[in-house]
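One structure is given below, encoded as structure tokens.
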Amino acid sequence: QVQLVESGGGLVQAGGSLRLSCAASGRTFSRYAMGWFRQAPGKERELVATINWAGDNAFYADSVLGRFTISRDNAKNTVYLQMNSLKPEDTAVYYCAAKNKLWIGVNPREYDYWGQGTQVTVSS
């Protein structure tokens, strides 16, 4: 069992930056690939970024490529999402998720554990 707790969301102006963190419980964090997803009102949950167990392979949605960076610190059981050059269309609830496999995954159904989400609002 893995419990995930996100933090770092908030209100920011367009062009600004935020850093999301996701702290995981348990001693097997390094065995999980991790992902960040987001869901805007009236829209389906979508992948933002995913990273493998070692942190040396990542995949990004086209909409955030070059602006967001996913990383992880297995010693701290934490995964991060650095978000730069934020746009109003990035406004959503952001969720951290853990996948009980070593490699990345782009489909939400591949993930076994989810955090409660953190709101990110980007004003124009």
Side-chain angles (χ1 to χ4, degrees):
Q1 188 77 9
V2 176
Q3 292 185 326
L4 304 172
V5 179
E6 303 100 333
S7 61
L11 173 64
V12 64
Q13 289 188 333
S17 297
L18 282 175
R19 188 195 197 201
L20 304 183
S21 298
C22 173
S25 65
R27 294 176 293 177
T28 60
F29 176 72
S30 62
R31 299 180 186 177
Y32 291 82
M34 300 296 295
W36 284 99
F37 292 80
R38 67 186 181 188
Q39 188 166 17
K43 295 188 176 181
E44 292 188 355
R45 191 168 298 189
E46 64 175 5
L47 174 74
V48 176
T50 174
I51 191 167
N52 72 336
W53 69 279
D56 58 4
N57 185 27
F59 177 84
Y60 297 89
D62 287 344
S63 58
V64 306
L65 190 61
R67 300 188 297 122
F68 291 11
T69 302
I70 189 171
S71 62
R72 65 189 295 161
D73 185 337
N74 287 345
K76 295 182 178 180
N77 281 15
T78 303
V79 62
Y80 305 97
L81 185 69
Q82 178 66 44
M83 305 187 295
N84 299 328
S85 302
L86 282 160
K87 304 175 181 180
E89 50 263 45
D90 294 318
T91 295
V93 177
Y94 283 70
Y95 296 91
C96 171
K99 177 173 177 278
N100 193 11
K101 299 290 183 185
L102 300 178
W103 50 88
I104 61 175
V106 299
N107 191 322
R109 288 184 293 235
E110 298 179 69
Y111 288 78
D112 303 287
Y113 304 101
W114 292 83
Q116 81 289 351
T118 185
Q119 176 70 46
V120 171
T121 303
V122 184
S123 63
S124 57

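Throughout, numbering of the chain's residues begins at 1 and tracks the sequence. The figures here come from the full heavy-atom set of this structure, side chains too, leaving out hydrogens, waters and symmetry mates. Given the structure is predicted, the values throughout are model-derived calculations rather than measurements.
- For T121, the side chain to side chain donor-acceptor pair (under 3.5 Å) criterion is met by Q119, not counting sequence neighbours.
- Residues L47 and I51 do not share a hydrophobic cluster, clusters being chains of Ile/Leu/Val/Met/Phe/Trp/Tyr side chains in contact below 4.5 Å.
- In the hydrophobic clustering of this structure, Y60 does not group with I104; members are Ile, Leu, Val, Met, Phe, Trp, Tyr whose side-chain heavy atoms approach within less than 4.5 Å, directly or through other members.
- Shown here are the side chain to side chain contact (heavy atoms under 4.5 Å, CB included) partners of S30, two or more places apart in sequence or in another chain: N74.
- Atom CD of E89 sits in a crowded spot, with more than 12 heavy atoms from other residues, nucleotides or ligands closer than 6.0 Å.
- Listed by first and then second residue, the salt bridge (Lys or Arg N to Asp or Glu O under 4.0 Å) pairs involving residues 34-62 are R38-E46, R38-D90 (not counting sequence neighbours).
- Summarising the geometry of N84 relative to S17, their closest heavy-atom pair is OD1-OG, 2.9 Å, with the distance given to 0.1 Å.
- Panel note: side chain Y80, backbone D73; no donor-acceptor pair is recorded below 3.5 Å.
- The backbone N or O of R67 sits nowhere less than 3.5 Å from a side-chain atom of S85 that would complete a donor-acceptor pair.
- Using modelled atom types, no side-chain atom of T78 and backbone atom of A23 make a donor-acceptor pair closer than 3.5 Å.
- Not a single donor-acceptor pair under 3.5 Å links the side chain of S25 to the backbone N or O of V2.
- Cluster membership check: V106 does not share its hydrophobic cluster with L65, using side-chain heavy-atom separations under 4.5 Å among Ile, Leu, Val, Met, Phe, Trp and Tyr.
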* Asked: Is there a side chain to side chain contact (heavy atoms under 4.5 Å, CB included) between V79 and Y32 once you walk through the steps?
  -> CA-CA 11 Å; V79 62; Y32 291 82; over 6 Å; no
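- Going from atom OG1 of T50 over to atom CG of N107 covers 11.0 Å, rounded to the nearest 0.5 Å.
- Residues S21 and W36 share a closest heavy-atom pair of O-CH2, 3.7 Å.
- Between V120 and L18, the closest heavy-atom pair is CG1-CD1, 3.9 Å.
- Looking at every heavy atom in both residues, L86 comes nearest to V12 through CD1-CG1, 3.5 Å.
- Within the structure, salt bridge (Lys or Arg N to Asp or Glu O under 4.0 Å) contacts touching residues 115-124 (residues at least two apart or in different chains) do not occur.
- Between Y111 and A97, the closest heavy-atom pair is CD2-CB, 3.5 Å.
- Closest heavy-atom contact between A14 and S124: CB-CA, 4.4 Å.
- Among pairs with a residue in residues 5-31, none fulfils ring-ring contact (aromatic ring centres under 6.0 Å, His included), at least two apart in sequence or across chains.
- For residues 92-111, the pairs satisfying salt bridge (Lys or Arg N to Asp or Glu O under 4.0 Å) are K99-E110, with sequence neighbours left out.
- Y113 is linked by a side chain to side chain donor-acceptor pair (under 3.5 Å) to nothing, counting only residues two or more places apart in sequence or in another chain.
- With sequence neighbours excluded, the residues forming a ring pair (Phe, Tyr, Trp, His ring centres under 6.0 Å) with W114 are F37, listed by chain and number.
- The hydrophobic cluster containing F68 does not contain Y95, counting ILVMFWY residues as joined when their side-chain heavy atoms lie under 4.5 angstrom apart, directly or transitively.
- Among residues at least two apart or in separate chains, disulfide bond (SG atoms under 2.5 Å apart) pairs with a member in residues 29-105 are C22-C96.
- To the nearest 0.5 Å, the span separating CD on Q82 from CG on L20 amounts to 9.0 Å.
- The hydrophobic cluster containing L102, built from Ile/Leu/Val/Met/Phe/Trp/Tyr side-chain heavy atoms closer than 4.5 Å, also comprises W53, W103.
- Residue pairs satisfying the salt bridge (Lys or Arg N to Asp or Glu O under 4.0 Å) criterion with at least one member in residues 1-25, sequence neighbours excluded, are absent.
- A distance of 12.5 Å separates CG in N77 from CD in Q3, rounded to the nearest 0.5 Å.
- Here disulfide bond (SG atoms under 2.5 Å apart) pairs that include residues 38-69, with residues two or more places apart or in two chains, number zero.
- The structure places CD of Q116 at 9.0 Å from CG of L4, a figure rounded to the nearest 0.5 Å.
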